[in-house]
Trainee: 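Input: one structure, supplied below.
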Amino acid sequence: MKAALVCVLVAMGCQMAFADFADEFPKLRENGKDPEIQAYLKKAEETEKGNPDYYALASNYWWMVAQRPVADTKPSEKGELSIRDKETGEEVGSLRAGPEANPEIAAKTLAMLEEGAKRFPLRADIQMGLAHVQSELEKYPESVKTLEALLDNAKAKPGELRWARNGPLDIRPSHRRSCPGGR
């Protein structure tokens, strides 16, 4: 009986710690101070490994960072903005955006999502985030495999897919009444 009570208390403590991360991290993001956010995430790399929300929230942050524009002294390539000297009109650099501009950060995001997907295969938000990033990085076969694995998990364990804060994934369509044949 005591062992069962200890297990329940430990599980509750883990859930409370996970909730702390899920509550604290969005507050840091609202402040928008990257050094503080990144220091918090560095610490969380070790302390939050068992927390699926860590993988979902942190990878989302890193993906947003990977999308930021980067000014470069390299000449512009197709689809990039050119930075020109006001006086001479000559190109002095370019402005790049997207994962190609920040490949290290995009790779970090991908690795984080892959780890989260491996650890938490029933977390649909992590799986779908992974599929999205794979697609954006033009890893189409991997993206399809990720989505197929998510569908396989949904078939094998109906009703067990989870979403943020490990909440249930509500699969009921919200547009039911407007669908032909809907009830």
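Bear in mind the structure is a predicted one, so any value in this text is a computation, not a measurement.
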Trainee: Could you name each residue pair satisfying salt bridge (charged side-chain N to carboxylate O under 4.0 Å, His left out) that touches residues 117-132, not counting sequence neighbours?
Mentor: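 Those involving residues 117-132 are D53-R123, E115-K118, E115-R119, R123-D125.
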Trainee: With a 6.0 Å cut-off on the ring centroids, do F120 and Y54 count as close?
Mentor: no
Trainee: Within the side chain of D85, is there an N or O that forms a donor-acceptor pair under 3.5 Å with the backbone of E87?
Mentor: yes
Trainee: Taking the side chain as everything from C-beta on, heavy atoms only, tell me whether T73 gets closer than 4.5 Å to V92.
Mentor: no
Trainee: I'd like to check the side chain to side chain contact (heavy atoms under 4.5 Å, CB included) partners of E77; sequence neighbours left out, ordered by chain and number.
Mentor: E80, R96
Trainee: Who pairs with A106 by side chain to side chain contact (heavy atoms under 4.5 Å, CB included), at least two apart in sequence or on another chain?
Mentor: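 Listed in chain order: W63, A66, P99, L137.
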Trainee: Between the main-chain N or O of S76 and the side-chain N or O of E91, is there a donor-acceptor pair closer than 3.5 Å?
Mentor: yes
Trainee: Tell me, please, which residues at least two apart from V70 pass side chain to side chain contact (heavy atoms under 4.5 Å, CB included).
Mentor: A101, N102
Trainee: If only atom types and distance count, is the side chain of S59 paired as donor or acceptor with the main-chain N or O of Y55 below 3.5 Å?
Mentor: yes
Trainee: Locate the shortest heavy-atom distance separating S94 from I83; write the atom from each residue and the value.
Mentor: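 Scanning both residues completely, I find the closest heavy atoms to be O-CD1, 3.5 Å.
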Trainee: Name all pairs fulfilling the salt bridge (charged side-chain N to carboxylate O under 4.0 Å, His left out) condition that reach into residues 54-63, sequence neighbours left out, sorted by first residue then second.
Mentor: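 The answer is none; no pair qualifies.
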Trainee: With sequence neighbours left out, what residues match E100 under side chain to side chain donor-acceptor pair (under 3.5 Å)?
Mentor: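 Per chain and number, E100 pairs via side chain to side chain donor-acceptor pair (under 3.5 Å) with no residue.
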Trainee: Is E160 reaching over with its side chain to a backbone N or O of L122, donor-acceptor style, under 3.5 angstrom?
Mentor: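 Absent.
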Trainee: Output yes when D23 and R165 qualify as a salt bridge under the 4.0 Å nitrogen-oxygen rule, no when they do not.
Mentor: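 Yes, D23 and R165 are salt-bridged.
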Trainee: Going by atom types alone, do Q38 and Y61 pair a side-chain donor with an acceptor below 3.5 Å?
Mentor: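 Indeed, the side chains of Q38 and Y61 share at least one donor-acceptor pair under 3.5 Å.
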Trainee: Is the shortest heavy-atom distance from the side chain of W163 to the side chain of P168 under 4.5 Å?
Mentor: no
Trainee: Mind checking whether D34 and I37 have side chains closer than 4.5 Å, heavy atoms only?
Mentor: yes
Trainee: Test T146 against every option in H132, E114, Q134, K139 by the side chain to side chain donor-acceptor pair (under 3.5 Å) rule and name the one that passes.
Mentor: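 Among the candidates, only Q134 passes.
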Trainee: I want to check something: taking the side chain as every heavy atom from C-beta on, are E36 and Y40 in contact at a cut-off of under 4.5 Å?
Mentor: no
